Amino acid sequence: MKRLLHVTIIFCLLCLGLPCSMRGQTIREAFMLEKNWRFYQGDVAQGQATDLNDRTWKKVTVPHDWAIYGPFDRAHDLQDVAITQNGEKKASVKTGRTGGLPYVGVGWYRNSFDIPHFDAERKRVVLKFDGAMSEARVYVNGKEACFWPYGYNAFHCDVTKLLHADGMGNKIAVRLENKPQSSRWYPGAGLYRNVHVIVTEKVHVPVWGTYVTTPFVSDSMASVRLETSLSHAEGKLVRMVTEIVDGEGRVVAQKENQQKLNFGKPFVQHLEVSNPALWSPEHPALYRALTQVFVDGRLTDNFETRFGIREVRIIADKGFMLNGQIRKFQGVCNHHDLGPLGAAINVSALRYQLELLKDMGCDAIRTAHNMPAPELVALCDELGLMMMIEPFDEWDIAKCKNGYHRFFAEWAERDMVNMIHHFRNHPSVVMWSIGNEVPTQCSPDGYKVASFLQDICHREDPTRPVTCGMDQVSCVLENGFASLLDVPGLNYRTHRYAEAYTQLPQNVVLGSETASTVSSRGVYKFPVVKKGDMRYADHQSSSYDMEYCSWSNLPDEDFALADDHHWTMGQFVWTGFDYLGEPSPYDTDAWPNHSSMFGIIDLASIPKDRYYLYRSQWNKKEHTLHILPHWTWPDRVGKQTPVFVYTDYPSAELFINGKSQGRQHKSNASLQQRYRLMWMDAVYEPGEIKVVAYDQKGKPAAEKIVRTADKPYEIELEAMQDSILADGRSLAYIRVRAVDRQGNLCPDADAEVQFEVDGAGTFRAVANGDPTNLEAFHLPQMHLFRGQLTLIVQSGQQAGKIAIKAKSGGLRSGRLIVSTTAVR
């Protein structure tokens, strides 16, 4: 027996290069407060009292967004304002600006938690909130633990001294308040991100207490610098043991150091990784630094920091460089809501969004205009999407009556430090933005505020460049605002890129926000013309992708800037997905519009035609061939009905019922002809349209057919995921379509579809992507929009089958099974 034990110990040491305790002994404890929350919408006197009877309050699971359940109403947060960033000088009534949902007001949350074996002298307990909307006051056992006003930021507070002596039965209460006119999009409401309880020894690594940088990076070797802060370690002799583990679980570096800590200085270690796997969107390699902290010979904490090895630079006249290679951002801006799920964070939903964007060829995300959920940043690390993280939409000068300007002077630095410390170890984060279209950019001393915020970034993380989304080009060129930034970011104003490049010392320009082209999925307007601020009686926009807002432009202009000028850094399109609120161009008392139309993908996570225009330029791995519009136009027989093709192939030929309409070639005759193939004189007749694409040698390479649909026959269901985890959180997205007997989509179908979900999962939400639709997301029925909608189901905690049935009057019902697999 002794011989076996001896062999086991030697094997452990050889495999890990460190004591066996490095892999398995856990000192800290962390868990989330998810279930058994009690929620009350409205204010409650002494809502924090430990003896308050909350049994009649609603039982909810966190993350929770109280406002997404509606109802939609024009009266919710009516705003009589002038939107300054859109160039408005006169106030007007805005409806749907914040989604027409009841986010305004007070909400209380209450729960309890236990800390077994609690010892106030030896242990420390921290509550961490990933986001709470907003003006959060946190109470533990009736006493205030902390206050944090900004709803998008993560924050934490030490509650050790507020806990019961035995650590059991601790009551937590959180009061949240959203004031009217505190946002200009849908912000969500409630504890919409996760709440964590972290239990450590007295000497421990605090929240966000490690900082990993890679001072030298090459293909053959990388230097890794690990800076670890420690709480309550002043004057103590500390020994720190760290190993770096690659994605395969292999130890690739290790270091043991010992020193006495004084003056609150962090503990610094330097490690070397040979032949590192460099992080990039194409190869998102990740490492983990596993650290053990010993004080006076006793293990007091162990901590894991995930990071990547990569190098970021900005080169004048060349742009952005990652790992020594110049590349241009193919990015999108995204708001934080998840469409029908509201603001409540869900990893499955985020992953689904990001995978759609990756397939489009997107390689970067701008978090507009707020700090993101940590789950989003972690997924971007894993999937390979670069990030520009942005904290603010306003600084000291207001955009909204009750916006962040109320807190800026006191809280801006604290918010920035939290954000940077939270996300500075993530390889996906390649740039910080300090704000978006802030009115301060045009004030005489605005550059001082920008300098203040940029200096915070440089102080807390000197490894990343800093930008700001600027829309007032004349101001920022004249007053020094743009010239002090590491990277000048222009929002739209494509006609002034060259001017900015020649005048600014950085000699680069980033498209920090681009396009704002508007479209409604499956809606086509005639005649097809390029024009801004087009409005129609049905409150929709045309999916011919030729319409845009007054301040913006079409995608083709941004493609050309990236292609033609070496000093442009690429773009972040407004937006990747439609989002709740900001229903331009129908925001001026044009109810019932309550969601945007900027998205490349609609609110139901269904790609619009524009998705394939971007894919044809950005996805270099796969070919794209997409035809628009649909070919079911009973009232357009004999009328001109232009046909567009989005493809990476240089030319294509259109056939209508077998008759050639000629071959189109991409050319420089116009920006649209450079990036699209267009048959403007095509005449509609029922039947089919076929496109044959030709490669560079003029040989047929691919073809696509769209046929005229007959009357709807059945409901067709298609699962976007083959199976999901039985973890009680995972989601499956189901595409729901009305099709004819031949399986053709019926683009005019608008019947109501009812859903039944049984077995190992439950109904979660439904959406159809119609920006004018007022049906509730959380009820199991909705009308089709342009023949389609999306159903979302959620797994239970037992593996099995989810049975889904979709029925609609007069149509054959659709049925589908989604499998759920056990969590390993």
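Computed from a predicted model, the values in this text were never measured in an experiment. The residues of the chain are indexed from 1 along the displayed sequence.
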Note to self: Parallel, tilted or perpendicular, judged at 30° and 60°: which one describes the rings of Y649 and H623?
What the structure shows: parallel
Note to self: Taking salt bridge (charged side-chain N to carboxylate O under 4.0 Å, His left out) as the criterion, tell me which of K620, K358, R327 meets it with E282.
What the structure shows: R327
Cut-off 3.5 Å, no hydrogens considered: what does the side-chain donor-acceptor table look like for residues 692-699, sequence neighbours left out?
unit_1: Y694; atom_1: OH; unit_2: E653; atom_2: OE1; d: 2.7
unit_1: D695; atom_1: OD1; unit_2: K697; atom_2: N; d: 2.9
unit_1: D695; atom_1: OD1; unit_2: G698; atom_2: N; d: 3.1
unit_1: D695; atom_1: OD1; unit_2: K699; atom_2: N; d: 2.9

Next item on the list: For N619 and D359, indicate whether the former's side chain and the latter's backbone hold a donor-acceptor pair under 3.5 Å.
Entry: yes
Margin query: What's the separation between atom CZ in R535 and atom OH in Y586, rounded to the nearest 0.5 Å?
Written below: 7.5 Å
Next item on the list: Using a 4.5 Å cut-off on heavy atoms from C-beta on, say whether the side chain of T772 contacts that of F785.
Entry: no
Next item on the list: Could you pull out all residues at least two apart from T367 that satisfy side-chain hydrogen bond (donor to acceptor under 3.5 Å, both in side chains)?
Entry: none
Notebook entry, point to check: For N657, which residues count as a side chain to side chain contact (heavy atoms under 4.5 Å, CB included) partner, sequence neighbours excluded?
Noted result: E685, E688
Next item on the list: Tell me, please, whether F526 has K639 positioned over its six-membered ring: NZ or CZ under 6.0 Å from the ring centre and within 45 degrees of its axis?
Entry: no
Item checked: Listed partners of D710 passing side chain to side chain contact (heavy atoms under 4.5 Å, CB included), at least two apart -> D740
Margin query: Can you list everything that forms a salt bridge (charged side-chain N to carboxylate O under 4.0 Å, His left out) with R764? Sequence neighbours excluded, please.
Written below: none
Note to self: With heavy-atom distances below 4.5 Å as the criterion, would you say the side chains of M386 and L322 are in contact?
What the structure shows: yes
Notebook entry, point to check: Quick one: salt bridge (charged side-chain N to carboxylate O under 4.0 Å, His left out) partners of R729, sequence neighbours excluded?
Noted result: E34
Next item on the list: Indicate the ring-plane relationship of Y675 and F559, choosing parallel, tilted or perpendicular according to the 30° and 60° boundaries.
Entry: tilted
Next item on the list: Please check if atom NE2 in H283 has more than 12 non-hydrogen atoms from other residues, nucleotides or ligands closer than 6.0 Å.
Entry: no
